[in-house]
Amino acid sequence: TVTTVGYGDVTPVTAVGRIVATVLMFGGIGLFGALTANLASFIVRSDNRDSANQQLLEEVRLLRSQVARLEEP
């Protein structure tokens with residue numbers, strides 16, 4: 001239904017009308033795809049940030065334990 005021009009009751013008849021309809025259909029599909037891609041990118045990016053933060057926290061814990069061992073007499 002994304003690419004239909006109406007529900008069959010009104011359709012483009014002339015060549016110019018069909019070209020305009022085709023351009024509008026591709027434009028609508030492209031816009032919908034771009035919005036979906038941006039949403040997916042946002043979700044994936046936030047997951048990657050969480051993973052990167054966990055890695056940094058683990059490195060900090062490791063460094064703290066190494067410093068604590070070095071400070072022992």
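Sequence positions, counted from 1, serve as the residue numbers for this chain.
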Residues clustered with Val20, ILVMFWY side-chain links under 4.5 angstrom: Val16, Leu24

task: Look only at the side chain of Ser41 and the backbone of Ala37, and say whether a donor-acceptor pair between them is shorter than 3.5 Å.
output: no

query: Taking the hydrophobic residues Ile, Leu, Val, Met, Phe, Trp and Tyr, and joining any pair whose side-chain heavy atoms are under 4.5 Å apart, which ones share a cluster with Leu35?
result: Leu31

message: Listing request: all salt bridge (charged side-chain N to carboxylate O under 4.0 Å, His left out) pairs with a residue in residues 55-73, at least two apart in sequence or in separate chains.
response: Glu58-Arg61

